[in-house]
Structure formats: C-alpha cells, structure tokens
Amino acid sequence: MRDCQRHQGERIINWDPVAQTALSNIEVIHKDTKGAMYTFRYDVVETGTTIDVATTRPETMFGDVCVVVHPEDEQYRDIVGKHVINPANKEVLPVIADDYIEIGFGTGAMKCTPAHDPNDFKLGEKYGFPKPVCINPDGTMNELAGEYNGLDRFECRERLVERIKNEGHLVNIEEIVHPVGHSERTDAIVEPYLSKQWFVKMKPLADAVLEAQKNPETKINFYPERFERTFIQWLENIEDWCISRQLWWGHRIPVWYNNETGEIFCSETDPADPENWTQDEDVLDTWFSSCLWPF
C-alpha cells in the first residue's frame, strides 16, 4: 500500500445527505423508484424560437451552465453557439455541441450541471465551465436557488415545476420508474455531489494488474474463465477511489495542515511539533482500512 498514489481534489462523489458523508459505490443501493421526466421549454435568445430540454431532477437546474446538443443533430445545428434562457432562474446559458449527446434520445438537448452529475462534471472539465453547487450537504437548497433557499431538494422540485408550469414553460411530465441510488446507511436518496475528498489514483495499480494478466506465470486464473473478461473490463474502466469519509469513527486520515502556512504533511507518525499542526478531520473508508490490515 506504500505505492498508492493519494491526492486530494474536487470530484463528483456519492453523498448521503442524512449521514452527511461520502459513500463508496458498493454502499449505494439502486432501487427501482417511481419518478418523473420533466420536459421544459427554453427560449432561444437570438432567434425567438424554443427548444425542449428534459430532466428527472429539476432542482439541479440552478446549477446549470449550458445546454448540450449533438454536433450532427440537424434540428439544433442553427442554434449551436447561441443562448437559451434557463426557466428556473432566467439565467442565459450557452448552447454547445458535443458528441457525448445521443441523437434521438429524449429531446436531443441536455442541460449540463457539472456539480451534480458525473458525466456533466466531465463535460464541465472539458470545456472549462464553472461548477456551481446549488444544494447544501444536508439536502436543502442553497442561495443559488433564490426563493427556494433552505427548502428540501424534493420540496423545491415540486414548487419549481409548479412555477414553471404557471409561466408556460412546462411541456409535459412523464411518469417513469427508474433506478435511484439509496444510501445503505440511512436509506436516503444519494446525491451526486461535487466535494473535496481524498482519492487513491487507481490507474497505475490497475495497469500493473492488467500487465500481469498477460503473463501465464503471473496472471490470476478464473473459474469459469469468462469472468476474467469481467475483471479486465472493470480494471480498464476503473476510476479513482474516494477513501475519505465524514464520520466520527474509523482510522483518521494521516494528513496534517500547518496552522500558519497551510502546508500539508502526510506521514505514518505524528508531526514532531504537533502543536503547530491540525490533523484532517476525515476518516478512511472502512474498505480501505480493511485493506491495510494484511499489510
């Protein structure tokens, strides 16, 4: 484990708004849940026309930074580079083109919320958009939500949809059943959330195992053999592991911050002058702690 490359950064993580901690993927239980697909009409500033955009989470519209369409989608080609008005807060958003969008899926136009969706986060990174967070850690809306500041995210959803409907920008509401992540700890609906956490860089570790799989002397043998393909696909698509948790119990993150300079100190032992340092308040993910034990 000494060879693990650890880093701190802001990424989209699974956030439990009740326990107010990050969760690993295996601590998120996906349940088929009744919900809705909301389609809203956005006014195009330069042309006076409109486009329809659908979402299952209207409350995140306060964190939108753009609308994305496919570059080869004929119905939207003329508005790429132009702007639309967000019906949630009346902000003007650019329309961009990216082949991440699937032509023919939904309306073909997608709102982008980099701080509340992992795929939107990647688009935000790609194009250098800001990443405004519009929901508090406890699941209530923050000041970006304007009149809905302080409301629970789901109450905000209901009130916002009703207001947009009254303003004539609601196209339709389609009832759906879709898999929704719930916290294994609290059963709360998990929020994809931009948060500053500690991560283990997984690609170097995965690449070493993938290389070992090429050698009959070092590879891991699977029975049945078909599971090796599953193993390889998992390693080829693995993402960095979020190992910090905001809990009261567990192994404390072995990182200290200098009280004057802000310098970061990481060590297996305490600083020589502990009175000048403050240890990180987060603890290690239980699974990471478990992995430490054999070593």
Side-chain angles (χ1 to χ4, degrees), residues 10-25 27-42 53-65 86-91 93 110-121 124 130-197 242 244-248 282:
E10 286 192 326
R11 304 278 187 85
I12 297 290
I13 49 92
N14 302 307
W15 182 259
D16 181 335
V18 174
Q20 295 195 39
T21 182
L23 301 172
S24 68
N25 289 343
E27 292 173 305
V28 178
I29 310 301
H30 288 88
K31 303 179 183 180
D32 286 341
T33 306
K34 290 183 179 180
M37 181 69 74
Y38 305 87
T39 302
F40 301 113
R41 182 165 291 123
Y42 287 53
V53 181
T55 179
T56 59
R57 298 195 295 156
E59 67 278 7
T60 65
M61 293 169 69
F62 297 103
D64 288 354
V65 297
N86 184 342
N89 55 12
K90 309 302 188 253
E91 287 191 0
L93 305 175
M110 183 193 82
K111 73 185 203 67
C112 180
T113 320
H116 294 281
D117 182 273
N119 294 314
D120 292 8
F121 175 83
K131 304 176 184 66
V133 176
C134 61
I135 300 177
N136 293 315
D138 64 356
T140 60
M141 306 303 296
N142 67 19
E143 64 278 0
L144 289 184
E147 63 187 285
Y148 308 108
N149 184 13
L151 284 183
D152 176 81
R153 53 187 167 154
F154 299 120
E155 184 178 356
C156 169
R157 177 185 298 181
E158 293 181 7
R159 293 195 188 186
L160 175 62
V161 170
E162 186 64 23
R163 196 202 79 204
I164 294 176
K165 176 183 177 181
N166 292 336
E167 292 174 350
H169 285 84
L170 174 66
V171 178
N172 71 286
I173 302 175
E174 177 188 357
E175 292 187 359
I176 60 173
V177 175
H178 59 148
V180 176
H182 289 68
S183 169
E184 185 182 51
R185 296 175 182 273
T186 66
D187 200 42
I189 291 180
V190 169
E191 186 69 31
Y193 200 73
L194 182 66
S195 180
K196 192 174 185 179
Q197 303 284 342
C242 176
S244 50
R245 299 288 180 269
Q246 294 67 51
L247 302 171
W248 286 106
D282 287 356

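- A115 and K131 make their closest contact through CB-O, 3.7 Å (heavy atoms, listed as atom of the first residue, atom of the second, distance).
- Annotation: side chain of S183 is not in contact with side chain of E27 (no heavy-atom distance under 4.5 Å).
- Residues R185 and L247 have side chains in contact (heavy-atom distance under 4.5 Å, counting atoms from C-beta outward).
- When the salt bridge (Lys or Arg N to Asp or Glu O under 4.0 Å) test is applied to D120, no partner is found at least two apart in sequence or on another chain.
- Judged by distance alone, with hydrogens and angles left aside, the side-chain atoms of T21 form a donor-acceptor pair with the main-chain N or O of Q246 at under 3.5 Å.
- For the residue pair D64 and T113, a side-chain donor N or O sits within less than 3.5 Å of a side-chain acceptor on the partner.
- Not counting sequence neighbours, Y42 has no partner by the ring pair (Phe, Tyr, Trp, His ring centres under 6.0 Å) test.
- Between D138 and Q20, the closest side-chain pair of non-hydrogen atoms falls below 4.5 Å.
- In this structure, K196 and S244 have side chains that are not in contact, with every pair of non-hydrogen atoms separated by 4.5 Å or more.
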For this session: Carefully, step by step, assess D117 and I12 under the rule side-chain contact (heavy atoms from CB on, under 4.5 Å).
Result: CA-CA 7 Å; D117 182 273; I12 297 290; over 6 Å; no

For this session: Run the numbers on E147 and R159 for salt bridge (charged side-chain N to carboxylate O under 4.0 Å, His left out), then give the verdict.
Result: CA-CA 10 Å; E147 63 187 285; R159 293 195 188 186; over 6 Å; no

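- Of the inter-residue distances, the one linking R153 atom CZ with N136 atom CG reads 11.5 Å to the nearest 0.5 angstrom.
- Residues P17 and Y193 have side chains not in contact (no heavy-atom distance under 4.5 Å, counting atoms from C-beta outward).
- Smallest separation of non-hydrogen atoms from I135 and N142: N-ND2, 3.8 Å.
- Here the side chains of P114 and L194 are not in contact, with every heavy-atom distance at 4.5 Å or above.
- Checking side-chain atoms of D282 against main-chain N and O of Q197 turns up no donor-acceptor pair under 3.5 Å.
- Counting heavy atoms from C-beta on, the side chains of R57 and H116 come closer than 4.5 Å.
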Donor-acceptor list for residues 30-39 side chains, cut-off 3.5 Å, not counting sequence neighbours:
| from | atom 1 | to | atom 2 | distance (Å) |
| --- | --- | --- | --- | --- |
| K31 | NZ | D187 | OD1 | 2.5 |
| T33 | OG1 | K31 | O | 2.9 |

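- Taking 4.5 Å as the limit, some side-chain heavy atom of F40 sits within range of a side-chain heavy atom of V161.
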